[in-house]
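Below is one structure, written out as structure tokens; the observations come after it.
The model shown is predicted, which means the values in this text are computed figures rather than measured ones.
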Amino acid sequence: MKIRQPKDLKNVELPMQLQVSFEKIYQMISGFASEEQKDHPYHASANIMVKEIQKYPELITGFSDLSLLKKYEDIIDLLLENLFPIILTNNEIKAATMPFTFTSFKFTERFENIIQNAGEDYDLRIRDFEEGTMYIMACTLILGLVYNTHIDLKRPFFFDIPDKTAGITKHYRVAFNGDFMEITPTEKAPKLTEEDIKILLDNFDNPDVWREKFPPNSYIFKGFGIMNLFDVTADETISSIRNTLLEKHDDSINEKLQKDLREFFNIKDLTTGFSLFDTSHSKLESTRIKKSESLILNDECAINCDLFFCDYILEKVFHQTETIAISDVEKYGRQSDQNFFYKRLKEKNIGSILLIPIKASNSNDLALIEIASPRPYELNSLNQQKLKDLIPVFEAAIERSADEYQNVLEATIQEHYTSIHPSVKWRFYEAAENYQTDIFNKEEDIKLDQIVFDNVYPLYGQSDIKGSSIARNNAIKEDLTTQLNLGISVLKEACKSEKLPIYNELMFRIKEYSHEVEIGLKAGDEIGILDFLKREIYPVFNHIKEINSELHSLVNTYMDRLDPNLQVVYEKRKAYEHSVTLLNNKLAKFIDSKQEDAQKMFPHYFERYKTDGVEYNMYIGQSLTKTRKYDDLYLYNLRLWQLQVMCEMENVAHTARKSMEHDLQVASLILVHSNPLAIKFRMDEKQFDVDGAYNIRYEIIKKRIDKAHIKNTNERLTVPGKIAIVYSQDKDADEYLKYIKYLQSKNQLGEIEKLELEDLQGVSGLKALRVEVIYQKEFDSQKTITIDQLMDEFKA
């Protein structure tokens, strides 16, 4: 007799001593052997059995020595014969066992075959076994049998048993029959009261309480159990597939799905694939493939379905969205004139395949799930029917995937096109919740809340590229001059081959245009010159190309210098725009990274714009935050941070000059506004703006200040190499002088100028501090001072 016991349960601690006993079977047999049952057909055989069992009293009284199971193997087999009928031994998966340790000693033939096929190293192990829980489960059994307090703590037990032949793992659920056992307390067992039982019911997660009420080995278990196993591989696989598909998608989803489907179809080398087709076009030609881990595609981004698939697959899969089985790929190839799809299947060594189309109801996506075997007829129209339970799972997963993808697109649009700053999102969520609540309650006159933040302090700054208009005009002039000179060169060479006066006349007119460009461009000049070239010069060039190969080559050289889209020489402008883009990106990336640091100090609203340079708005105040307590200290900290960052942005721009084709410099400006104001989200413009007539003055100053001159001079306030700080109240100047003095001590700022500004339209009385920036020789934008360091040093 083979005895099997999971290694991890061999020494498990329990509140009871386990003893194997066949007393209940003996009592049943004794009943048949009694005089009252003398007419029963089992009476004679039962008398023989009773006499035989009585020779081995320990089979009745019970024993803990498992070696006796081997010693009494014959008589035990005889005792259990009615429980293990020969006629069912190849059908049932059954064993006689001891509860809680799963020590098993009698098996049906089918059970034996399953264990042997699992391999010699397999140990009959329960899935997700927890030793502490097993102790409490044993206690609840005692409560039920001894104290008649029934607690439903039943949980299913599963064995995951490898099938070496099929190369897969099968799953079995355990059902336990306890009709042949009894439990009795020993002298060590405390007598439980109603209060004790109530304490136990409230302390499931406290093993010490259970051990106190049920000390180890304080009860005696006598008997055995019958363990029945049921193959639930298909159910487990469906559940696993459901969990896999409903999990957050990652790179391993196809691998997990393939493992599950191998068990489901009992094919150890089954393979799976997945692709998502965008079928938004009326025809399936050049269908875009949005995601592909496909068996039948080779990383294509688009395919012509009409050419790739045969008409049958196009109709069934893509139009009728029906699952189809190709049970023999070779036979399919003969019937479909060996189309591209057949050839691809042969390349992939596929003998049979199932194609499962799933159409998402909320999008134009069609998901194609591919299940393939290298052998013909292993996948066919019969085992295709097994998928009926899985199709709803696939459909739910595709619907969810389409929803998630749509959410990703929405999030991308919001982040990059209609971004709402994280610091104020909470208020938009509140407004959305109020709106949805009103809809749910069927309120009348439902309106979205106005998003307004009162009593916030603004901070404004800009790093403007100086002389950008002049630099852009110079680039245009140079490109136009180059293009005109190239035209003259072509005409000069044409004169050598053909002495035509028209060539000289055209050269004269080109030189006139070139002279006008040199003097200075006026509005419409560039368009006029290009129109002249297209109307007067290019038709002549078409004639010149026919004269000889040298002129043909010269005309081609001219045309090659033109931008293919704009049809103009675009070299200096391209270099200028590349330099502007490079500088803008560096400045924007730098302040964005520093902003993340500043938000940790105190949440505040921040918005940034790229123009010819970078400008930004910040607002800070109590109304902007839902959880933090505002103090003016945070405003002062943010102002110091802004000045520090302006110094660093000046250094970023200064360092970038080394890598730019155009030498561009920035002029920095900070606008100080001491009075709090209100900002309101404008629904039509989808952005925040100041609210109220009085606060409009602040916006007017922002728009005009960078063009302001110093009073009684023609000198602009903003100049490269210096930071201008504009204010209207002397207390603001006193505050910023402290910050400047601190940064001077760090050798970041130099000399200070105190200036009065000319009156602007609608604004007067503005003043400014202008401070020199000291550029760092080895400036590293990755190693700038953090706001925490700044605060610590400033406090010190």
Side-chain angles (χ1 to χ4, degrees), residues 1-6 9-12 14-38 40-89 92-109 111-112 115 124 138 141-142 145-146 174-187 189 217-229:
M1 177 176 286
K2 292 183 179 178
I3 302 172
R4 294 189 178 273
Q5 183 178 29
L9 293 177
K10 191 168 287 186
N11 299 310
V12 64
L14 294 169
M16 58 183 74
Q17 306 167 36
L18 300 181
Q19 294 184 7
V20 181
S21 170
F22 302 95
E23 182 177 6
K24 294 217 169 184
I25 290 185
Y26 172 73
Q27 290 172 352
M28 182 185 68
I29 295 172
S30 296
F32 287 124
S34 66
E35 283 299 314
E36 290 82 1
Q37 296 289 334
K38 63 182 179 180
H40 197 283
Y42 290 164
H43 178 72
S45 59
N47 267 296
I48 297 171
M49 283 288 296
V50 167
K51 291 176 183 178
E52 191 66 26
I53 296 170
Q54 286 175 347
K55 296 177 183 179
Y56 313 104
E58 54 263 57
L59 293 177
I60 302 170
T61 59
F63 57 88
S64 300
D65 184 0
L66 298 184
S67 65
L68 295 180
L69 290 171
K70 185 66 177 174
K71 179 179 179 181
Y72 301 130
E73 178 178 0
D74 294 338
I75 187 65
I76 291 173
D77 283 342
L78 198 59
L79 280 168
L80 299 180
E81 185 176 1
N82 288 333
L83 297 176
F84 289 81
I86 296 295
I87 197 169
L88 297 177
T89 192
E92 292 183 330
I93 311 171
K94 187 163 64 175
T97 186
M98 296 297 289
F100 307 112
T101 67
F102 292 91
T103 301
S104 305
F105 52 86
K106 173 72 176 175
F107 304 87
T108 61
E109 284 293 326
F111 202 154
E112 280 283 4
I115 296 299
L124 197 61
L141 183 62
I142 297 170
L145 294 178
V146 178
V174 182
F176 194 82
N177 184 330
D179 292 341
F180 305 99
M181 64 184 191
E182 63 178 11
I183 298 174
T184 56
T186 67
E187 294 179 356
N217 301 317
S218 57
Y219 290 79
I220 294 176
F221 170 94
K222 284 178 62 175
F224 66 94
I226 298 295
M227 181 172 65
N228 287 277
L229 270 60

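Within the model, atoms OH of Y26 and NZ of K24 stand 16.0 Å from one another, a figure rounded to the nearest 0.5 Å. Atom NZ of K222 is separated from atom CG of L18 by 13.5 Å, given to the nearest 0.5 angstrom. The distance from atom CD1 of I25 to atom CD of Q27, rounded to the nearest 0.5 Å, is 10.5 Å. Going from atom CG of L14 over to atom CE of M98 covers 10.0 Å, rounded to the nearest 0.5 Å. Atoms OG and CD1, from S34 and I29 in turn, are 12.5 Å apart once rounded to the nearest 0.5 Å. Taken from CD1 in I93 to CD1 in I115, the straight-line distance is 10.0 Å, to the nearest 0.5 Å.
In this view, Q19 satisfies the side chain to side chain donor-acceptor pair (under 3.5 Å) rule with no residue, not counting sequence neighbours. Q17 is linked by a side chain to side chain donor-acceptor pair (under 3.5 Å) to nothing, counting only residues two or more places apart in sequence or in another chain. Residues passing the side chain to side chain contact (heavy atoms under 4.5 Å, CB included) test with D65 are S67, L68, sequence neighbours excluded. In this view, E182 satisfies the side chain to side chain donor-acceptor pair (under 3.5 Å) rule with no residue, not counting sequence neighbours. For T89, the side chain to side chain contact (heavy atoms under 4.5 Å, CB included) test picks out T108, E109, with sequence neighbours left out. With sequence neighbours left out, the salt bridge (charged side-chain N to carboxylate O under 4.0 Å, His left out) criterion links K55 to E52. With sequence neighbours left out, the side chain to side chain donor-acceptor pair (under 3.5 Å) criterion links S21 to no other residue. Residues satisfying the side chain to side chain contact (heavy atoms under 4.5 Å, CB included) criterion with L145, sequence neighbours excluded, are L141, M181, I183. Residues forming a side chain to side chain contact (heavy atoms under 4.5 Å, CB included) with L88 (at least two apart in sequence, or on another chain): P85, E92. With sequence neighbours excluded, no residue satisfies ring-ring contact (aromatic ring centres under 6.0 Å, His included) with F84. With sequence neighbours left out, F22 forms a ring-ring contact (aromatic ring centres under 6.0 Å, His included) with F224. Among residues two or more places apart in sequence or in another chain, the ring-ring contact (aromatic ring centres under 6.0 Å, His included) test is passed with H43 by none.
The local environment of CD in Q37 is crowded, with over 12 non-hydrogen atoms from other residues, nucleotides or ligands closer than 6.0 Å. Enclosure of atom OH in Y42 is not indicated, since only 12 or fewer non-hydrogen atoms of other residues, nucleotides or ligands lie within 6.0 angstrom.
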Requested in this report: Check the pair N217 / M16 against side chain to side chain contact (heavy atoms under 4.5 Å, CB included), numbers first and verdict last.
Outcome: CA-CA 4 Å; N217 301 317; M16 58 183 74; over 6 Å; no

Requested in this report: Might you work through the side chain to side chain contact (heavy atoms under 4.5 Å, CB included) test for M49 and L78, ending with a clear yes or no?
Outcome: CA-CA 8 Å; M49 283 288 296; L78 198 59; 3.0 Å; yes

Query raised in the report: Under the side chain to side chain contact (heavy atoms under 4.5 Å, CB included) criterion, do F63 and L69 qualify, and how do the steps go?
Result: CA-CA 9 Å; F63 57 88; L69 290 171; 3.9 Å; yes

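The side-chain heavy atoms of I53 and Y72, taken from C-beta on, include no pair separated by under 4.5 Å. Side-chain contact between I220 and T186 is present, with at least one heavy-atom pair separated by less than 4.5 Å. Residues F111 and L229 have side chains in contact (heavy-atom distance under 4.5 Å, counting atoms from C-beta outward). No side-chain heavy atom of V174 sits less than 4.5 Å from a side-chain heavy atom of N228. Side-chain contact between V12 and F100 is absent, with no heavy-atom pair separated by less than 4.5 Å. Counting heavy atoms from C-beta outward, D77 and K106 have side chains that approach closer than 4.5 Å.
Side chain of K94 to main chain of L83: a donor-acceptor pair is present (N/O by atom type, distance under 3.5 Å, no hydrogens or angles). T97 contributes no side-chain N or O that, together with a main-chain N or O of G225, makes up a donor-acceptor pair within less than 3.5 Å.
Pairing each heavy atom of A189 with each of S218, the nearest pair is CB-O, 3.3 Å. Residue F107 comes nearest to A95 through the heavy atom pair CD2-CB, 3.6 Å, listed as atom of the first residue, atom of the second, then distance.
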